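Structure, as structure tokens:
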Protein chains: 2
Amino acid sequence: MPSNRRKFIGQSFASLAGITATAMVPTHIFGHNLHNTSRPEEIILQPNKPSNTKESIRFSVIGLNHGHIYGMVDSLINGGGNLVAVYAKEPELLQQFTKRYPKAKIAKSENEIIDDNSIQLVASAAIPVERAPIGIRVMQSGKDFMADKPGILTLEQLKEVKKVQKETKRIYSIMYSERLGNPASVKAGELVSAGAIGKVVQTIGLGPHRMRPESRPDWFFDPKKAGGILCDIGSHQCDQFLFYTNSKQADVNFSQIGNFNNSDNPVYQDFGDMSVRSAHATGYIRIDWFTPEGLGTWGDGRTFILGTDGYIEMRKYIDIAGKEGGNHLFLVNQKETKYYDCSNIYMPYGEQLVNDVVHRTETAMTQEHCFLATELALKGQKMAHKLNV
Amino acid sequence: MPSNRRKFIGQSFASLAGITATAMVPTHIFGHNLHNTSRPEEIILQPNKPSNTKESIRFSVIGLNHGHIYGMVDSLINGGGNLVAVYAKEPELLQQFTKRYPKAKIAKSENEIIDDNSIQLVASAAIPVERAPIGIRVMQSGKDFMADKPGILTLEQLKEVKKVQKETKRIYSIMYSERLGNPASVKAGELVSAGAIGKVVQTIGLGPHRMRPESRPDWFFDPKKAGGILCDIGSHQCDQFLFYTNSKQADVNFSQIGNFNNSDNPVYQDFGDMSVRSAHATGYIRIDWFTPEGLGTWGDGRTFILGTDGYIEMRKYIDIAGKEGGNHLFLVNQKETKYYDCSNIYMPYGEQLVNDVVHRTETAMTQEHCFLATELALKGQKMAHKLNV
């Protein structure tokens, strides 16, 4: 095919993919198209408003074992929730909580909250293995439930939670905060659904975390109490895969867990990765506890969303040696490269959940999505090939 | 364990991994440690010198079907090679080549080059499926061989090439240019071997490419002539995994190939990914042909090297909405976050290969490494789950 070949010759130097040995080739051959960062438009997103007609609910808290509870409570309060009471076994955790929320009544027992019929929702960041049993008791008492992630620790717990949820028609919501509580992630969802990058074919989620073992309670190091690495921080990533690819069913292709640098604790997992797939998209997830001390924050979390007509990268918490702060979103599509500073935008999860409690809707997250994200993480954890674990 | 728990409470807000809902939580709770990009040291690396005692070889070229040949030839010339002759079937490709290298003699046939006993090495960027057969004839004539990637197209070709290489003791080198021809990749190798990030436990290689179908010859779209996506551009990534993890053996855990946006050409693959593993490290590789027109170069190639004490990210060809140019290397370890501009550094591959030809050594790349990288890519290609292909 001579005509094709002629075109091939003419364009091969400027555009041919794979010519990477630029330092070996005079620059004029490539023109300025290679290794060129144009100055793209930078957009600082302005705060968008929550809706004016905010609903209101009464909620309480059971279990304060992870600091995530503060983000969860604030999200509910911002969304219209009134915090009524709190129960926790640990006096020191209670003290810290009531210092921040002085109006919260300290309940004497879990049952005091469960038995209070004026309460519409219970939020919990108990030790992970206790969350599903608490959620089941909460749903059976006629209330909705909001769990920190991992919201469910085993496939057996998942089965039981699904059964009770179906019977009681209560909400069992898991706060996958790396999406629901991150402004860049919220903006990415808007861009994807507006078609900014065409058809989404893949997500990559990198979720590195800093460990600081001295800051962690005992249960953190016991997979039976905290879940393995894929069950725990992997569940965030499964949520993001399902959300950005708009997948309603999916399965795990492959997974592995590793213990590369914690041989003193042989059951601990400091590395995990997995591949997931739906009918129309795939996802890769990598999680680790290796964030080094020289990073200015707890983890260089990244999300890449690949579409047929472009891609999005989120540098969620830091842009190493780049832009200040967090909440960075980069969009590249057929038209341009664009940067969005998402720091100011409103995250609707709390308000949506409060609304769902009042109106029995599924706007914050469908129940199906909530459970499927966890199911993927649990399956990945269960089938994982073990590297030195 | 009360003492642990006390520490947990005290430090949980500043350092606890997973508190991502920052916008929900007052900033003073986190302090300035979250979402903070310190201004890290920026290092512009100065050109390092090739060695003074350069060896010299006579080399020729057979096959000009991919523009990579220019990077290959320049690399050899910079390393001390004297270009003698060239053979190609296509007059238009020859014309372009001799315009750039006017001293190269045009050979009338492949045999004219094969039979010239003064030639020590032959370089080839023939149509991929022809490279192994050419390489075999070259080695059998007593010469060394340097192939563009993919250097070998099937496991059968690999078996034959390995056999002849063993018999003849000639060099069969494949120019994995995304490492050997990229300054940031060379610098990363130095940092890793100096222990800058501890023990390397994983690599992630993202190799997006722009297609521009009109610029591609017919063979490009035929996997039987060009190899599938994992065999072709995946082989670069397998090379990088083996190199940065210092793995001498490895296997493929999982692979898949996809055709998401080229349904008019049902055998073509525009997406592929795979997971590889050695005894002490793992690797994830993703390849695609979706680079959108709004990117300032042909592909936003990235490499992440994860170690127990830090990580490296290479933004090889562009830093979207960030620093100008290419060849960016970011290092984060227990001490600091550092940025290296690697644009000026010397890439030793050509010189090392010329030396290897003269001294019968393996400094540019061991033969074993060269074949294993290709074997991983070929296995990944062969066992790949098919998504719409």
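The model shown is predicted, which means the values in this text are computed figures rather than measured ones. Just so it is clear: chains get the letters A, B, ... in the order the sequence lines come, proteins before strands, and each one is counted from 1.
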Under 4.5 Å, counting heavy-atom pairs only, tell me which of B/Asn344, B/Asp300, B/Asn388 racks up the most with chain A. B/Asp300

Which answer fits B/Leu306, side chain, backbone, both or neither, if we ask what part of it has an atom under 4.5 Å from a heavy atom of chain A? side chain

Chain A contact via B/Leu331 - which portion, at a heavy-atom distance below 4.5 Å: neither

For B/Tyr284, what residues pass the side chain to side chain donor-acceptor pair (under 3.5 Å) criterion, not counting sequence neighbours? A/Gln202, B/Asp273

Flag the one option from B/Phe220, B/Tyr339, B/Tyr346, B/Phe271 with the top tally of heavy-atom pairs under 4.5 Å to chain A. B/Phe271

For A/Ile204, which atoms come within 4.5 Å of any heavy atom of chain B: side chain, backbone, both, or neither? side chain

Heavy-atom proximity to chain B below 4.5 Å, by part of A/Phe260: both

Just by distance, with hydrogens left out, do A/Asp309 and A/Asn333 show a side-chain donor and acceptor under 3.5 Å apart? no

Looking at A/Ile320, A/Asp288, A/Thr291, which hits side-chain contact (heavy atoms from CB on, under 4.5 Å) with B/Tyr311? A/Ile320

Pair B/Asp270-B/Asn262, side-chain donor/acceptor within less than 3.5 Å: yes

I'd like to know which of A/His385, A/Glu42, A/Glu336, A/Lys199 tops the heavy-atom pair count under 4.5 Å against chain B. A/His385

Heavy-atom pair with the smallest gap, counting every atom of A/Met347 and A/Gly181: SD-C, 3.2 Å

Considering only heavy atoms, which portion of B/Lys338 lies under 4.5 Å from any heavy atom of chain A: side chain, backbone, both, or neither? neither

Test of understanding: with salt bridge (Lys or Arg N to Asp or Glu O under 4.0 Å), list the residues that count as partners of B/Glu293, not counting sequence neighbours. B/Arg210, B/Arg212

Measure distances from B/Leu206 to the heavy atoms of chain A and classify the residue's part below 4.5 Å as side chain, backbone, both or neither. side chain

Any chance you could measure A/Asp148, atom CG, to A/Ser177, atom OG, to the nearest 0.5 Å? 7.0 Å

Tell me, for B/Gln334 versus chain A, whether the close heavy atoms (under 4.5 Å) come from the side chain, the backbone, both or neither. both

Contact part of A/Thr308 toward chain B, heavy-atom cut-off under 4.5 Å: side chain, backbone, both or neither? both

Identify whether NZ of Lys or CZ of Arg in B/Arg315 sits under 6.0 Å from the centre of the six-membered ring of B/Phe330 and within 45° of that ring's axis. yes

Counting heavy-atom pairs under 4.5 Å with chain A, which one of B/Arg302, B/Lys335, B/His280 comes out on top? B/Arg302

